[in-house]
Amino acid sequence: MKIKNKKLYYIFYIISIILLFRFTRIDDIHKSMAAFYYVHQDIWLLLAAMGIVGLANRFSALRPLPLKLTFLPRYIWAVAAGLCAFCLVGHWLVLCGYDASRDEQMANFDSYIFASGHLVAPLSELWRDNSDILNTNFLYPSVHRGAWVSAYLPINAAIRALFRLFAFPELANPLITALGAIALWACVRQLWPKDKEAPWVALLLYCLSGQILCLGMTAYAMPAHLTFDLIWLWLYLQKRWWSDTLALVVAFFTVGLHQPIMHPLFAAPFLCLLVFQRQWPRVAFYFIGYAVIGLFWLKWPAYISTLVQSGGVAPPPGADYISQLVETVSRNGLMAIPYMLLNMARLIAWNHLLLLPLVWIGVSLCWRQRLVQALAGGIILTFMVMMIIMPYQGHAFGYRYFNGLLGNFILLAVYGWKMIVPQEPKWRSLMVYTSAGIAIVMIPMQLFFSHHFYSTFSQESKRIASMDADYFIYTGAIDLPLFGWDVVLNRPDLSNRPVRLIGDLMSDNFVKALCSTHPSVMMLPIEALRPIEGLFSQRRAQLMQPNNVHFANILYEAGCQVK
């Protein structure tokens with residue numbers, strides 16, 4: 001079949017910009033991280049993308065490269081080592097060694113707990129009825145909190161806990177990202193064992209994905225989702241009893257990484273494929289296995305929630321997944337479509353620029369192949385479900401809820417590559433020139449945006465950590481810049497100094513109890529918020545001054561040493 005539209009790759013960038021200008025209001029920048037990302041990062045990346053693809057297309061026509069891409073098996077170890085080193089160095093140099101989002105913070109928070117040999121961290125009597133002051137966002141809800149731990153499933157944090165015990169936790173995701181490249185290579189070799197070009201294309205799409213590279217620098221669970229899903233797929237493709245058994249073991253850990261819904265959306269189309277192929281023993285085996293896995297992880301929150309409560313108090317609503325799901329869906333409203341459009345723009349801007357065009361070609365020309373249907377089915381299913389239950393992703397590099405499916409995208413792109421290159425060999429030159437543009441322009445832009453965002457919060461957190469005081473109190477929360485509360489982060493055992501507190505949530509009785517031992521207390525200087533205000537184009541810090549003065553007087557009169 002002949003590809004008539006030789007400039008198919010332009011469609012994604014032009015349409016995304018047109019649609020997003022239609023659906024995105026600049027006013028939303030004060031309310032939505034998605035709009036902030038689009039205005040300050042993605043629009044510039046998309047414009048750069050159009051220039052890179054246009055120049056690459058021009059150069060591939062004027063100066064075609066007489067080469068056939070080949071990839072030898074021994075190269076994979078160099079690729080994996082390079083990825084691991086890049087992500088590890090990037091964690092410190094690009095992201096300043098800081099956890100900006102609550103997802104990252106909770107992964108390391110829980111890893112401290114698990115490394116100590118416990119499932120939850122106990123709280124002393126002073127904090128049990130006042131734990132919200134410590135910032136309990138994304139923790140299990142509680143009526144009378146006797147302990148605390150995040151509301152996420154534990155496997156991602158458990159992996160970091162192992163690295164915390166035997167190496168250092170920052171190494172976990174760089175190694176997982178490197179392992180993902182090996183798993184992708186193994187899948188490509190399984191599907192196209194005699195093709196020496198397919199692994200080259202797949203790994204180029206993987207290694208030049210800003211989303212994969214930057215997430216590999218963080219504590220997010222998303223790199224593990226991608227790697228574990230690719231390992232699962234490689235085992236699934238073996239079609240052996242031992243590989244199916246190991247696939248279910250991998251599935252157990254993948255479902256328990258942080259949210260239980262991500263892996264089932266990936267795996268469901270492949271399991272349906274077994275039904276269409278009438279492989280009834282494998283269908284029964286996987287059905288029973290996933291039923292056991294699902295029941296185990298659905299029971300986990302209820303069990304952990306009982307450990308969090310104190311004095312035998314029943315867990316409050318919101319501790320189980322059903323109530324969480326109902327609450328999440330009720331919040332979305334009419335913003336689901338604009339959010340998903342912004343997410344798709346971020347997906348395009350943070351991945352290889354030929355990924356989606358090749359996916360389109362692969363799906364269009366190979367749709368009758370069952371495996372293509374399963375790969376595309378996971379993408380479609382995840383898109384539909386996430387648009388309903390969680391269209392707003394908050395902090396992100398690219399569209400992180402699709403990160404576990406980037407292996408699907410890349411394999412579909414390889415299908416497209418194998419269809420178009422025999423007809424139009426200039427795509428080899430186009431791939432080389434586009435990849436060079438991404439490496440020279442796009443990746444540095446993405447790293448710069450990431451560093452600017454993380455360093456802003458990191459500097460404020462370091463300023464707080466350097467304070468010579470027992471407690472640091474954040475007041476005026478309603479007037480704080482976007483995500484200002486995220487710097488109110490404490491260790492599970494509250495051994496950090498100063499302990500960070502949210503002053504707006506303090507009752508009079510708690511202030512008296514806190515100040516009874518005459519601790520030293522620091523309030524937030526207004527100047528400390530200027531960098532975050534500048535990041536979000538806000539001017540609210542001056543509104544905190546009356547709160548600080550008033551609250552400082554209250555603390556002083558209660559016996560605290562206010563600095």
Side-chain angles (χ1 to χ4, degrees), residues 102-162 164-165 219 221 224 251-264 289-331 389-390 488-495 499 501-502 505 507 510 513:
R102 288 297 283 176
D103 285 49
E104 299 168 88
Q105 293 172 1
M106 291 298 95
N108 280 316
F109 182 89
D110 287 354
S111 74
Y112 276 109
I113 300 173
F114 299 157
S116 70
H118 301 90
L119 292 177
V120 297
L123 285 171
S124 64
E125 191 66 32
L126 175 66
W127 307 106
R128 292 191 173 186
D129 290 324
N130 303 279
S131 57
D132 288 347
I133 296 167
L134 298 167
N135 191 0
T136 56
N137 193 24
F138 288 27
L139 271 66
Y140 278 100
S142 173
V143 176
H144 184 60
R145 190 182 299 276
W148 59 346
V149 70
S150 85
Y152 287 124
L153 293 181
I155 298 300
N156 182 46
I159 293 172
R160 300 189 72 80
L162 290 175
R164 188 177 295 279
L165 288 172
F252 173 82
F253 289 106
T254 311
V255 172
L257 277 171
H258 87 300
Q259 293 286 12
I261 196 172
M262 308 305 294
H263 174 75
Y290 272 100
V292 173
I293 292 170
L295 287 174
F296 179 89
W297 288 120
L298 287 175
K299 291 290 185 181
W300 180 269
Y303 170 69
I304 297 298
S305 186
T306 60
L307 301 180
V308 169
Q309 311 304 315
S310 176
V313 179
D320 62 283
Y321 280 117
I322 300 300
S323 59
Q324 291 178 27
L325 182 62
V326 172
E327 180 183 357
T328 301
V329 173
S330 65
R331 289 199 306 259
I389 69 171
M390 201 179 299
V488 182
L489 175 66
N490 299 287
R491 291 180 182 175
D493 59 0
L494 298 179
S495 61
V499 176
L501 309 176
I502 301 173
L505 302 180
S507 65
F510 177 80

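When a residue number appears, it is its place in the shown sequence, counting from 1.
- Here the closest non-hydrogen pair linking Trp148 and Pro492 is NE1-O, 3.0 Å.
- When side chains are defined from C-beta on, Leu257 does not count as touching Met262, because their heavy atoms never get closer than 4.5 Å.
- Heavy atoms only, all atoms of each residue included: Ala147 and Arg145 are closest at O-CG, 2.8 Å.
- Separation of the Tyr152 and Trp300 ring centroids does not fall under the 6.0 Å cut-off.
- Closest approach of Asn490 and Leu134 over heavy atoms only: ND2-O, 3.4 Å.
- Residues satisfying the side-chain hydrogen bond (donor to acceptor under 3.5 Å, both in side chains) criterion with Asn130, sequence neighbours excluded, are absent altogether.
- A 4.5 Å side-chain heavy-atom check between Trp297 and Ile155 finds at least one atom pair inside the cut-off.
- Nearest approach of Arg102 to Asn137, heavy atoms of both residues: NH2-O, 2.8 Å.
- Using the six-membered ring where Trp is involved, Phe510 and Trp127 have ring planes that are tilted, between 30° and 60° apart.
- Note that CG of Asp493 is 10.5 Å distant from CG of Leu123, once rounded to the nearest 0.5 Å.
- No side-chain N or O of His258 forms a donor-acceptor pair with one of Asp103 less than 3.5 Å apart.
- Heavy-atom minimum distance, Pro264 versus Pro260: CD-O, 3.0 Å.
- Of the inter-residue distances, the one linking Leu505 atom CG with Ile133 atom CD1 reads 6.5 Å to the nearest 0.5 angstrom.
- Looking at heavy atoms from C-beta onward, Ile113 lies out of side-chain contact with Leu119 at the 4.5 angstrom threshold.
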Check the pair Gln259 / Leu153 against side-chain contact (heavy atoms from CB on, under 4.5 Å), numbers first and verdict last.
CA-CA 6 Å; Gln259 293 286 12; Leu153 293 181; over 6 Å; no
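- Side-chain contact between Tyr290 and His263 is present, with at least one heavy-atom pair separated by less than 4.5 Å.
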Set out, in order, the CA-CA distance, both residues' side-chain angles and the distance that settles side-chain contact (heavy atoms from CB on, under 4.5 Å) for Ile261 and Ile389, then state yes or no.
CA-CA 11 Å; Ile261 196 172; Ile389 69 171; 3.7 Å; yes
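- We find the NE2-CD distance between His144 and Gln309 to be 9.5 Å, quoted to the nearest 0.5 Å.
- No side-chain donor-acceptor contact under 3.5 Å links Tyr112 and His118.
- Heavy atoms only, all atoms of each residue included: Val149 and Val120 are closest at CG1-CG1, 3.7 Å.
- Going from atom CG of Leu501 over to atom CG of Leu494 covers 9.0 Å, rounded to the nearest 0.5 Å.
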Test Leu489 against Asn135 for side-chain contact (heavy atoms from CB on, under 4.5 Å), laying out the working first.
CA-CA 7 Å; Leu489 175 66; Asn135 191 0; over 6 Å; no
What do the steps show when you test Ser305 against Tyr140 for side-chain contact (heavy atoms from CB on, under 4.5 Å), and what is the final call?
CA-CA 7 Å; Ser305 186; Tyr140 278 100; 4.3 Å; yes
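- No donor-acceptor distance shorter than 3.5 angstrom exists from the side chain of Asp110 to the backbone of Ala161, with no hydrogens or angles considered.
- In this structure, the separation between CD1 on Ile304 and OG on Ser150 is 10.0 Å, given to the nearest 0.5 Å.
- Looking only at atom types and distance, the side chain of Arg160 has no donor-acceptor partner in the side chain of Ser111 under 3.5 Å away.
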